[in-house]
> 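After the structure tokens below, expect a handful of questions from me.
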2 protein chains.
Amino acid sequence: MTLKRSSIPLLGLLTWRPMSGYELKQEIEGSLENFWSESFGQLYPHLRDLHHAGLIEEIDDAANDSRSKRTYAITDDGRRALRHWLSDAPKTRPPRNELLLKVFFASEGDTADILLHCRQARADAMATLEKYKGIDARLKGLTKETAKARYWRMTLRFGMSQTRSLISWCDATIEELENEQTN
Amino acid sequence: MTLKRSSIPLLGLLTWRPMSGYELKQEIEGSLENFWSESFGQLYPHLRDLHHAGLIEEIDDAANDSRSKRTYAITDDGRRALRHWLSDAPKTRPPRNELLLKVFFASEGDTADILLHCRQARADAMATLEKYKGIDARLKGLTKETAKARYWRMTLRFGMSQTRSLISWCDATIEELENEQTN
DNA sequence: CCCTCCATGTAACTCGTTACATGATTCG
DNA sequence: CGAATCATGTAACGAGTTACATGGAGGG
């Protein structure tokens, strides 16, 4: 009955309100995409497992609009399990970074390719940063409505900080690679 | 005959010199650990696959010290495959970050726990940064020996940049969480 | 002799991704 | 009526982790 990492977001989101699998998917894509990826092929099996473990329960939604929709709510056991997970030290594993792997082995290929990759990464990061700024503006307005928004903004600021750092690394690296080429 | 992501480091490292599985493992742990994790239970199967695909070949090492050691060298096909991979756009997927997931759902648990996690993350990051500085100093000396060291330093600077960004995020977040608690 | 390191491997399991299958409803 | 969206699911595969099994060599 160990709580799987991939089930945490489901449990967490169900503290907001009862939801169906499909709604959970939407919320994850909308709210967690910046620091969490879910395997949606596993979503329904995970819901089934959580149900069997008694951490969530199926409710008959009053507003169930006649669709073949299953709505789940978190149980007290579920809340306990989530709280327990929250107090546990997070496991951080070094993430795989393909761009860095390419930079590391750059001398085995054409450095012009690597330069392109870095320019692309910079452009992507700029776009991401703009997106974050937009979300931040919206969250700022929400802070009066819900205390949760404070925490959401913290995660967003993490993304902004890391993205800015990425952009300046790209700048430095691009410059160095360009200098090398003209030599 | 698609080149698996996990096989790339093996191919890349074999451009340095012929190596055995065990040596590859050491090199990966020593050189790539900051941006790449390998599943060492897959290492030997991957070597076998690369061998079957003709991207590496087994050589009888002259210096083979009578141990039951298999030494592999990269082939021309292997170099081609690596170069091809290098020119391909890197696939970046949003990495999972458990710390952020905990911050995101902080309101469902005890924020004192989250504060602890952030303090721990900061301490870890400080240690990482010190480690990086040490490696950078060593790499600095290597740049005259091998041109590759330039690229290695780029990856290291990425790590330093991201780690510094993480530290300042931790500082800001810790402060915000502390203020909240005294209220 | 025992421990550590060198060295290669397998088995069992968990996890994650992709693609597909199915069908209802809504909107133009 | 056809396309998009809502909605739930499965199958097949690919990837990654952990733990174990085996044995030689070198040093204290």
Side-chain angles (χ1 to χ4, degrees), chain A residues 1-10 13 18-30 32-33 35-53 56 58-61 63-72 91-98 101, chain B residues 1-10 13-14 18-30 32-33 35-53 56 58-61 63-72 85 91-98 101:
Chain A
M1 213 212 67
T2 27
L3 189 51
K4 285 177 195 159
R5 248 165 27 121
S6 303
S7 303
I8 305 287
L10 307 178
L13 290 170
M19 274 185 254
S20 67
Y22 193 81
E23 289 173 284
L24 284 164
K25 193 175 142 180
Q26 309 292 311
E27 290 289 352
I28 289 170
E29 279 173 347
L32 308 176
E33 53 161 7
F35 55 89
W36 202 261
S37 64
E38 270 297 323
S39 175
F40 295 115
Q42 298 275 76
L43 193 142
Y44 291 104
H46 280 154
L47 277 177
R48 202 203 299 124
D49 294 347
L50 286 172
H51 191 201
H52 285 165
I56 62 175
E58 199 178 340
I59 61 169
D60 44 326
D61 195 344
N64 199 326
D65 41 7
S66 83
R67 300 209 178 179
S68 57
K69 191 166 74 167
R70 291 155 178 271
T71 305
Y72 293 98
K91 299 178 207 350
T92 53
R93 268 180 290 170
R96 290 175 159 203
N97 187 322
E98 275 198 21
L101 195 57
Chain B
M1 210 213 68
T2 28
L3 189 51
K4 285 176 195 160
R5 249 170 20 127
S6 302
S7 302
I8 305 287
L10 307 178
L13 290 170
L14 288 178
M19 275 186 254
S20 66
Y22 193 82
E23 290 172 283
L24 285 164
K25 192 175 146 183
Q26 309 292 310
E27 290 288 353
I28 290 171
E29 279 171 348
L32 308 176
E33 52 160 9
F35 55 90
W36 202 261
S37 64
E38 270 296 323
S39 176
F40 294 115
Q42 299 274 76
L43 192 143
Y44 291 105
H46 281 154
L47 277 176
R48 202 203 301 122
D49 294 348
L50 286 172
H51 190 201
H52 285 164
I56 60 176
E58 199 178 341
I59 61 168
D60 44 327
D61 195 345
N64 198 327
D65 41 9
S66 84
R67 301 207 177 181
S68 57
K69 192 165 75 166
R70 291 155 178 273
T71 305
Y72 293 98
W85 176 82
K91 300 177 208 348
T92 53
R93 268 180 292 169
R96 291 176 158 201
N97 187 323
E98 274 198 22
L101 196 57

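Residue numbers begin at 1 in each chain, while the letters A, B, ... track the order of the sequences.
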> dT8(C) C1' sits how many Å from E23(B) CD, rounded?
13 Å
> Could you say whether Q26(B) or Y72(B) is positioned toward the 5' end of DNA chain C, judged by the nucleotide with the nearest heavy atom to each?
Q26(B)
> How close or far is atom C1' of dG9(C) from atom CG of L47(B), stated in whole angstroms?
11 Å
> Mind calculating the distance between CG (L24(A)) and C1' (dC6(D)) to the nearest angstrom?
14 Å
> Counting the atoms with a prime plus P, OP1 and OP2 as sugar-phosphate, which does G41(B) contact under 4.0 Å by heavy atoms, base, sugar-phosphate, or nothing?
base
> Are R48(A) and dT10(D) close enough that a side-chain N or O sits under 4.0 Å from OP1 or OP2?
yes
> Counting just side-chain N and O atoms, does R96(A) come under 4.0 Å of either OP1 or OP2 of dA15(D)?
no
> Just the rounded figure in Å: distance from C1' of dC15(C) to CG of D49(A).
12 Å
> Using atom CZ of F40(A) as one end and atom P of dT5(D) as the other, report the distance to the nearest whole Å.
16 Å
> Closer than 3.5 angstrom, by distance alone: can the side chain of E23(B) be matched with the main-chain N or O of S20(B) as a donor-acceptor pair?
yes
> Dump the intermediate steps for side chain to side chain contact (heavy atoms under 4.5 Å, CB included) on R70(B) and Y44(B), then the final yes or no.
CA-CA 11 Å; R70(B) 291 155 178 273; Y44(B) 291 105; over 6 Å; no
> When you compare the side chain of R96(B) with that of S6(A), does any pair of heavy atoms fall below 4.5 Å?
yes
> So, is R70(A) near the phosphate of dG9(D), with a side-chain N or O under 4.0 Å from OP1 or OP2?
yes
> Quick one: is dT8(D) close enough that its OP1 or OP2 comes under 4.0 Å of any side-chain N or O from Y22(A)?
no
> Hey, mind stepping through H51(A) and Y72(A) against side chain to side chain contact (heavy atoms under 4.5 Å, CB included) and telling me if it holds?
CA-CA 9 Å; H51(A) 191 201; Y72(A) 293 98; 4.3 Å; yes
> Rounded to the Å, how far apart are H46(A) NE2 and dT10(D) C1'?
14 Å
> What's K4(B) touching, base or sugar-phosphate or nothing? Going by heavy atoms closer than 4.0 Å.
sugar-phosphate
> Could you tell me whether the side chain of T92(B) reaches within less than 4.5 Å of the side chain of N97(A), counting heavy atoms only?
no
> In whole angstrom, give the distance that lies between atom NE2 of H51(B) and atom P of dG9(C).
11 Å
> Measure the distance from CG on L43(A) to P on dA7(D) and round it to the nearest whole Å.
13 Å
> From the list dG16(D), dT10(D), dT8(D), which nucleotide is the closest neighbour of the side chain of S20(A)?
dT8(D)
> Would one find a side-chain N or O of Y44(A) under 4.0 angstrom from OP1 or OP2 of dT8(D)?
yes
